[in-house]
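The next block holds one structure in the form of structure tokens; read it before the comments.
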Amino acid sequence: MSTTKTKRLPRSFYDRPTVDVAHDLLGKSIVFRSEEGILSARIVEVEAYVGQDDPACHAARGRTMRNQIMFGKPGFSYIYFIYGMYYCLNFVTEREGFGAAVLIRAAEPKQGLEIMRRNSPGEQRKGKILSGPGKLCRSFGLTRDHNGLDLTGRNLFVESRGEAEPKIKSAARIGIKTGTNRLWRFYDADSSAVSKR
DNA sequence: GTAGTGATTTTCT
DNA sequence: GAAAATCACTACA
């Protein structure tokens with residue numbers, strides 16, 4: 001019998017302060033049942049986007065068509081389209097009515113690497129194929145079609161295997177012009193898959 | 001190795 | 001009409 005316990009994170013994991021959720025997601029595994037097969041990866045870089053008082057958060061100016069999922073219940077996926085060609089994956093956090101989420105920026109492939117390579121023909125290096133939010137979605141095959149999935153369901157979720165906590169560092173968030181004073185980017189200092197050093 | 005910039009289209013003002 | 005939670009390519013060191 002196996003001694004490795006795998007556990008899908010429950011909704012209560014996401015129903016907490018966003019910065020805590022972001023921090024605790026590092027080292028956990030994203031699992032996605034795509035039509036081509038199972039994909040999984042170890043999360044090594046995330047960013048927190050926290051409600052109306054965070055000017056960099058999509059929810060800062062209230063509800064819109066795009067961000068309404070962020071105001072819904074925690075434990076759902078928020079996937080948006082950016083720069084005309086990329087998607088970014090987030091997990092919605094905190095109570096219903098509060099617009100917050102964690103952006104998944106980078107991960108290390110664990111399962112389904114061949115599918116990821118097919119989805120990202122320009123980037124075949126295992127250590128870099130998920131190193132960036134746009135690349136992660138492209139390699140996983142995530143699009144607007146996967147916006148609003150329930151992370152307590154079967155198709156997309158995060159699991160914990162009782163892994164040791166990684167060495168976590170924090171820094172300013174990337175690619176934004178406001179709110180850079182908040183150090184809400186967290187990453188595994190020992191991983192080479194982090195998007196920027 | 002780093003620095004600068006063009007691609008491409010949805011979303012919001 | 002402008003900006004955008006990015007990436008890949010080019011030039012140069």
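Small disclaimer: the values here were computed from a predicted structure and weren't measured. Chain A is the first sequence line, chain B the second, and so forth, proteins listed ahead of strands; every chain is numbered from 1.
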* **Close side-chain approach of Tyr187(A) and Ile168(A), heavy atoms under 4.5 Å** => no

* Which parts of residues 92-114 of chain A get close to DNA chain C, meaning a heavy atom less than 4.0 angstrom away? -> Leu103(A), Arg105(A)

* Among residues 75-90 of chain A, which contact DNA chain B at a heavy-atom distance under 4.0 Å? -> Phe81(A), Tyr83(A), Gly84(A), Met85(A)

Pairs of donor and acceptor atoms involving the side chains of residues 70-81 of chain A, under 3.5 Å and at least two apart or interchain, shall be tabulated with distances.
{"unit_1": "Ser77(A)", "atom_1": "OG", "unit_2": "His146(A)", "atom_2": "O", "d": "2.7"}
{"unit_1": "Ser77(A)", "atom_1": "OG", "unit_2": "Gly148(A)", "atom_2": "N", "d": "3.1"}
{"unit_1": "Ser77(A)", "atom_1": "OG", "unit_2": "Leu149(A)", "atom_2": "N", "d": "2.8"}
{"unit_1": "Tyr78(A)", "atom_1": "OH", "unit_2": "His58(A)", "atom_2": "ND1", "d": "2.8"}

* Does the side chain of Asn119(A) come within less than 4.5 Å of Glu36(A)'s, by heavy atoms? -> yes

* **Worked check of side-chain contact (heavy atoms from CB on, under 4.5 Å) between Ile174(A) and Glu47(A)** => CA-CA 9 Å; Ile174(A) 291 178; Glu47(A) 287 177 0; 3.8 Å; yes

* ILVMFWY clustering at 4.5 Å (side-chain atoms), partners of Val31(A) -> Ile38(A), Phe157(A)

* To do: Give the stems involving DNA chain C, where a stem is 3 or more consecutive Watson-Crick or G-U wobble pairs (i with j, i+1 with j-1, and so on) under 3.5 Å.
  => B:1-7 with C:6-12, B:9-12 with C:1-4

* Asked: Would you say the side chain of Trp184(A) lies within less than 4.5 Å of the side chain of Val50(A), judging by non-hydrogen atoms?
  -> yes

* Student check: side-chain heavy atoms of Val46(A) and Leu26(A) closer than 4.5 Å -> yes

* **Pairs satisfying side-chain hydrogen bond (donor to acceptor under 3.5 Å, both in side chains), at least one member in residues 15-25 of chain A, at least two apart** => Arg16(A)-Asp24(A), Thr18(A)-Thr93(A), Thr18(A)-Glu94(A)

* **Pairs flagged by ring pair (Phe, Tyr, Trp, His ring centres under 6.0 Å) wherever residues 99-118 of chain A is involved - sequence neighbours left out** => none

* Asked: Does any non-hydrogen side-chain atom of Thr143(A) lie less than 4.5 Å from one of Tyr87(A)?
  -> yes

* Asked: Hey, which of Glu159(A), Lys110(A), Arg161(A) is the one that makes side-chain hydrogen bond (donor to acceptor under 3.5 Å, both in side chains) with Ser29(A)?
  -> Lys110(A)

* To do: Among Ile104(A), Ile43(A), Leu103(A), Ile129(A), find the one that has a side-chain contact (heavy atoms from CB on, under 4.5 Å) with Leu136(A).
  => Ile104(A)

* Ile115(A) versus Glu35(A): any side-chain heavy-atom pair under 4.5 Å? -> no

* To do: Could you tell me whether the side chain of Leu25(A) reaches within less than 4.5 Å of the side chain of Leu9(A), counting heavy atoms only?
  => yes

* Polar side chain donor-acceptor pair, Ser139(A) to Ser120(A), under 3.5 angstrom -> yes

* Structure fact -> Joining Ile, Leu, Val, Met, Phe, Trp and Tyr whenever any side-chain heavy atoms lie under 4.5 Å apart, the cluster holding Leu183(A) also takes in none

* Asked: Judged by modelled atom types alone, do Glu45(A) and Ser195(A) share a side-chain donor-acceptor pair under 3.5 Å?
  -> yes

* Structure fact -> Result for side-chain contact (heavy atoms from CB on, under 4.5 Å) between Leu130(A) and one of Met116(A), Lys135(A), Glu108(A), Arg138(A) points to Met116(A)

* Structure fact -> At a 4.0 Å cut-off to heavy atoms of chain A, the contacted part of DNA chain C spans dA4(C) to dA8(C)

* Nucleic acid contacts of residues 128-138 of chain A, taken as heavy-atom distances under 4.0 Å to DNA chain C -> Gly132(A), Pro133(A), Gly134(A), Lys135(A), Arg138(A)

* Asked: What are the residues of residues 54-70 of chain A, sorted by number, that bring a heavy atom to within less than 4.0 Å of DNA chain C?
  -> Ala56(A), His58(A), Met70(A)

* Taking 5' to 3' order, which nucleotide of DNA chain B is first and which is last to have an atom within less than 4.0 Å of a heavy atom in chain A? -> dA7(B) to dT13(B)

